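Every number for a ligand or one of its atoms is a count from 1 in the order of the listing. Worth saying up front: this structure is predicted, and the values here are computed from it rather than measured.
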Amino acid sequence: MKIAIVGTGYVGLVTGTCFAEMGTEVFCVDVNTEKIENLKKGIIPIYEPGLEDMVHRNQQAGRLQFTTDLTECLDEVEVLFSAVGTPPDEDGSADLKYVLEVARTVGRNMKKHILVVTKSTVPVGTAKKVRRAIQEELDKRGVEIEFDVASNPEFLKEGAAISDFMSPDRVVVGVESERAEELMTRLYRPFLLNNFRVIFMDVPSAEMTKYAANAMLATRISFMNDIANLCEIIGADVNMVRKGIGSDNRIGNRFLYAGIGYGGSCFPKDVKALINTAKQNNYPMRILQAVEEVNDEQKSLLFHKLEKHFNGDLKGKRIAIWGLAFKPETDDMREAPSLVLIEKLLAAGCEVYAYDPVAVEESKRRIGDVIHYAKDIYDAVVDADALMLVTEWKEFRMPSWSAIKKLMATPLVLDGRNIYDIKEMEENGFIYHCIGR
Ligand SMILES: NC(=O)C1=CN([C@@H]2O[C@H](COP(=O)(O)OP(=O)(O)OC[C@H]3O[C@@H](n4cnc5c(N)ncnc54)[C@H](O)[C@@H]3O)[C@@H](O)[C@H]2O)C=CC1
Ligand SMILES: O=C(O)[C@H]1O[C@H](OP(=O)(O)OP(=O)(O)OC[C@H]2O[C@@H](n3ccc(=O)[nH]c3=O)[C@H](O)[C@@H]2O)[C@H](O)[C@@H](O)[C@@H]1O
């Protein structure tokens, strides 16, 4: 089968490459000329483990092609996935301009039946708008061509995108016709040969499932951060509490890690969008409002701990930061807790020395040289008054504490991800603060 993926970002590039890996012939389309020219040369625009090799392999096999012109492949493909961005509008609702632009391009140029599948995260009702936009363009042309729309939200996580896509827990598909169901079954069967886990449903339910999943995961994180903050006040240890509750099958042990708040391109955006959808329908999402509030405050927690340690006097302090990306195994810094922390540190008159294994270029693009970039974890802590652990990259887990103690001006460590052992840190002579203990 031949398919097109429109939007070659995190989701589009991974989706296209994984479908090609299963033998599908894929055209990846993007309006960003530089991105497409680079991809044609095999240069991958994002850091995602395993992606580069897979792109090259499928490019060489001729199954994966890149273009800026959708009309080049529109006559050949049976299915078109739209995976363009849906950034938050000013009021927090999802901005659908790119999604509808793709729909209009399809309507203006299609010559035969096509199934248009929205993979982007979009509010309930979007498939209807996509259908209407395509139909309006067909009407303008005065032609009658059948087409289907479907919803297939994506659940991959950055940093684990390939394995999430290749072996998904489930695939959710909203359809309105048997033809669409049959096409989607053909596409996903190779991924789920022995245990077919495609859940077919109506389109609005599929659209809603995506927001409900992200909102539920964000809720777990804010809930645990709230519990952690209380643990700290009353003398309990959130790590123990996490183990204690996570071993209950009904709760499960994933996504229960307290920290300095969730970031990334999706949880913050999707929680806002769902609150907004509810508001537009005169329903208050009380739980999600609290989830957001807890998360916003949590991003400042490490800064407040630092402020408390130095009795509010941070002017001229030299602070080391380990980790800039919003989570490990990615260079993505969208809504990263590091950005909130850096802003506060600079406003308080600190000098910041940061290190991240892959996100330095992205940080320079976003905030430029307002901070110093260290060449490794040891370089970052030279003469530092405090070390703040922001992203739990594996390479930060077992540093040489004796070397670090010699390099730092003050042996103060603030761990925003609870990766170090309190006893060991104290034995090594550090003043150690973490979350929820
Ligand atoms: N990043 C993630 O981990 C996940 C994202 N999502 C959702 O998937 C969607 C895409 O997200 P990302 O891949 O992160 O976005 P992204 O910003 O990385 O990529 C979007 C791409 O679409 C392109 N584009 C915009 N308008 C276009 C048009 N008219 N024609 C062709 N290309 C166009 C842009 O140039 C860009 O390369 C969003 O709705 C997001 O919420 C869903 C699951 C996971
Ligand atoms: O819609 C999306 O874009 C995606 O959003 C998240 O994936 P992602 O944002 O890539 O990363 P996560 O691993 O979910 O982490 C999100 C944030 O939560 C934080 N987090 C995660 C887990 C946890 O226990 N505690 C915690 O603070 C992470 O540090 C990170 O800042 C979801 O996990 C994916 O299923 C979804 O497809």
Point to revise | Arg63/Glu21 salt bridge by N-O under 4.0 Å criterion | key: no

Exercise for review: Report yes or no: does a heavy atom of Glu48 sit under 4.0 Å from some atom of ligand 1?
Suggested key: no

Review point. If you look only at pairs with a residue in residues 197-209, which of them pass as a side-chain hydrogen bond (donor to acceptor under 3.5 Å, both in side chains), with sequence neighbours excluded?
Key: Asp202-Ser205

**Study point:** From SG (Cys28) to NZ (Lys40), nearest 0.5 Å
**Key:** 12.0 Å

Check your understanding: Between Glu158 and ligand 2, which residue portion shows a heavy-atom distance shorter than 4.0 Å: side chain, backbone, both, or neither?
Key -> both

Practice item. Answer yes or no: does an N/O atom from Tyr10 fall short of 3.5 Å to an N/O atom of ligand 1? Key: yes

Review point. Can you find a non-hydrogen atom of Lys269 under 4.0 Å from ligand 1?
Key: yes

Return all side-chain donor-acceptor pairs below 3.5 angstrom for residues 73-82, not counting sequence neighbours, or 'none' if the list is empty.
unit_1: Asp75; atom_1: OD2; unit_2: Lys111; atom_2: NZ; d: 3.4
unit_1: Glu76; atom_1: OE1; unit_2: Lys2; atom_2: NZ; d: 2.8

Review point. Taking non-hydrogen atoms only, is Met224 closer than 4.0 angstrom to ligand 2 via side chain, backbone, both or neither?
Key: neither

Review point. Do Phe165 and Phe19 make the cut of ring centroids closer than 6.0 angstrom?
Key: yes

Exercise for review: With heavy atoms only and a cut-off of under 4.0 Å, state how Thr330 meets ligand 2: side chain, backbone, both or neither.
Suggested key: neither

Practice item. Could you tell me whether Asp164 approaches ligand 2 through its side chain, its backbone, both or neither, with non-hydrogen atoms closer than 4.0 Å? Key: neither

Study note, to complete from the structure: re atom 19 (O) of ligand 1, the protein heavy-atom contact at minimum distance is Gly9 CA, 3.2 Å

Check your understanding: Would one find an N or O of Phe267, backbone or side chain, under 3.5 Å from an N or O of ligand 2?
Key -> no

Review point. Taking atom 4 (C) of ligand 2 as the point of reference, which of Val11, Leu156, Asp169 owns the nearest heavy atom?
Key: Leu156

Review point. Got an N/O contact under 3.5 Å between Phe326 and ligand 2?
Key: yes

Check your understanding: Do Tyr262 and ligand 2 have an N or O pair less than 3.5 Å apart?
Key -> no

**Study point:** Within 45° cone and under 6.0 Å: Arg170 NZ/CZ vs Phe155 ring
**Key:** yes

Check your understanding: Side chain or backbone of Lys210 under 4.0 Å from ligand 2, or both, or neither, by non-hydrogen atoms?
Key -> side chain

Revision key, fill the gap. for atom 35 (O) of ligand 2, nearest protein heavy atom and its distance come out as Phe155 O, 2.7 Å

Review point. Would you say the side-chain atoms of Tyr355 and Asp376 include a donor-acceptor pair closer than 3.5 Å?
Key: no

Review point. Between Lys97 and Asp95, is there a salt bridge with N-O shorter than 4.0 Å?
Key: yes

Review point. Can you find a non-hydrogen atom of Thr121 under 4.0 Å from ligand 2?
Key: no

